[in-house]
Number of protein chains: 2
Amino acid sequence: MSATTGAPRSEQSILATLEDSGDTAGATAVRLMMAAADAFADKGFHATTTRDIASRAGLSPAGVYVHFSSKEDLLFQLSRRGHQTARDQLVEAAGAAASPPEALRSIIAGFSTWHAEHHQLGRIVQYEFRHLTPEHRDEVLSLRREIDKVVRGVLADGVESGDFEVDDIPSTALALLSMAVDVARWYSPEIRRTPDDIGRTNGHLAMRLVARR
Amino acid sequence: MSATTGAPRSEQSILATLEDSGDTAGATAVRLMMAAADAFADKGFHATTTRDIASRAGLSPAGVYVHFSSKEDLLFQLSRRGHQTARDQLVEAAGAAASPPEALRSIIAGFSTWHAEHHQLGRIVQYEFRHLTPEHRDEVLSLRREIDKVVRGVLADGVESGDFEVDDIPSTALALLSMAVDVARWYSPEIRRTPDDIGRTNGHLAMRLVARR
DNA sequence: TGAGACTAAGCAAGCGCTTAGTCATTCGTA
DNA sequence: TACGAATGACTAAGCGCTTGCTTAGTCTCA
């Protein structure tokens, strides 16, 4: 599977299809998570009220607490699922590639496209992070370190195979991830470039950044 | 002046030395802005209370309103000054360089270093942006467009001089800015790399990204 | 004496979350 | 198959607290 093709998945399916890690979310819980994702991405965690989330989901304020123990719990579930899907996509793209250059192009393109298509979830994941409780923050942080590790691994493979020239693998991995992650900050559905365009461009730029010349 | 050298300026001086655009801030106002910068960077705009800002500045809650008309006003002043100093530094670095490659290396290094040294102000400027009123947002946005323009200009110069190979100037400019801006997200004073290290590395990576080969 | 910097007290509004209860559906038993 | 009991999803009302900001007044110093 190419990381730069395929129809965009809706936020719905990203949440609904994630029944892993033991907990299956019911339809109302998914609706609440979508409502919270909208609101958090739109106004930020603290500026979003539980009444706002509830009304977007068509419930009374108290209805939220049937499915989630707190507003922070909603943020945590959203963050965890967001990181998991992002990581899974990265691992899959890296594994499916035939060579280190193909792997790098594929993961950076895929990660960039993901942050455009899911820029709401991406913003929550990147910028609302600090409002998690310390325990939840740690759990999400470990997912984040897995993502770092995949990128460093691809760079190391390419250096070993002679395809890449990289002075400093951790710094270069960070710069590549910055390029992709920052898409969530500036992307808007109204702009001219499509998520796939962005992925293609960033994949190309990533290659220029490390390819032996 | 090289953009990658020089002693780090404190947040104090960045605020205090900015007496441009007509308004000179008194000592207490500067103390309040520093307190607000700390708090906003730490907890975000909406999670910060006016009582928190006041007590960090050693004032009673009402003392804030002697110097600023609202909490949003504080955020706006901070955003405006942050954007202005970042832009001024960029323009200066671009102007002082002898060639397009030197200019690019200098502006990306300087911008990256700035976002490490002033990562608090950088986060406010990048992530608390949306909590400004529409009018204030527009004013800050126009400063941001100036920054974009400087980077695109340097890339265009380099393409014309034959030093750079760039397929798509706006996309490449955005990717370069992402590398620098995202430093504010992940930088922490505790890490091994210094702001100058980060600037040097990112300046080097920027050159690889566009240099003719 | 008057102006500016500052505080003590507090107001109205909004916050996260809880309580007590309604209602439709499912279950156990005869 | 009939039927009360239990269950789970949901709401109306509201509690205790915090919020941004104001008011009325004090203090300092030119």
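- When the P atom of D:dC21 is taken as reference, atom CG of B:Asp52 falls 15 Å away, rounded to whole Å.
- For A:Thr49, the side chain to side chain contact (heavy atoms under 4.5 Å, CB included) partners at least two apart in sequence or on another chain are A:Arg51, A:Asp52.
- Legend: residues meeting salt bridge (charged side-chain N to carboxylate O under 4.0 Å, His left out) with A:Arg144, ordered by chain and number and at least two apart, are absent.
- Take B:Pro170 and apply the side chain to side chain contact (heavy atoms under 4.5 Å, CB included) test, not counting sequence neighbours, and it matches B:Arg152, B:Asp168.
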Interface polar pairs with nucleotides 16-23 of chain C, N/O, under 3.5 angstrom:
from   : atom 1 : to      : atom 2 : distance (Å)
C:dG16 : OP1    : A:Thr48 : O      : 3.2
C:dG16 : OP1    : A:Lys71 : NZ     : 3.0
C:dG16 : OP2    : A:Thr50 : N      : 2.9
C:dG16 : OP2    : A:Thr50 : OG1    : 3.2
C:dG16 : N7     : A:Arg51 : NH1    : 2.8
C:dG16 : O6     : A:Arg51 : NH2    : 3.0
C:dC17 : OP2    : A:Tyr65 : OH     : 2.8
C:dC17 : OP2    : A:Lys71 : N      : 3.0

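- A:Thr172 pairs by the side chain to side chain contact (heavy atoms under 4.5 Å, CB included) definition with A:Leu155, A:Val166, A:Leu176, A:Val210, B:Leu205, not counting sequence neighbours.
- Classification of the B:Phe111-B:Trp114 ring pair by plane angle, with boundaries at 30° and 60°, yields parallel.
- In terms of the salt bridge (charged side-chain N to carboxylate O under 4.0 Å, His left out) criterion, residue partners of A:Glu146 (sequence neighbours excluded) are, by chain and number, A:Arg87.
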Distances under 3.5 Å between protein N/O atoms and the N/O atoms of nucleotides 1-5 of chain C, please, pair by pair.
none

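- Between the CD1 atom of A:Ile53 and the C1' atom of D:dC10 there is a distance of 17 Å, given to the nearest Å.
- Rounded to an integer number of Å, the gap from A:Leu59 CG to D:dA12 C1' is 14 Å.
- Within the structure, the ring pair (Phe, Tyr, Trp, His ring centres under 6.0 Å) test picks out the following pairs touching residues 61-91 of chain B (sequence neighbours left out): B:Phe76-B:His136.
- By the side chain to side chain contact (heavy atoms under 4.5 Å, CB included) test, A:Ala116 is found to be paired with A:Val183, A:Tyr187, A:Pro195, A:Ile198, residues two or more places apart in sequence or in another chain being considered.
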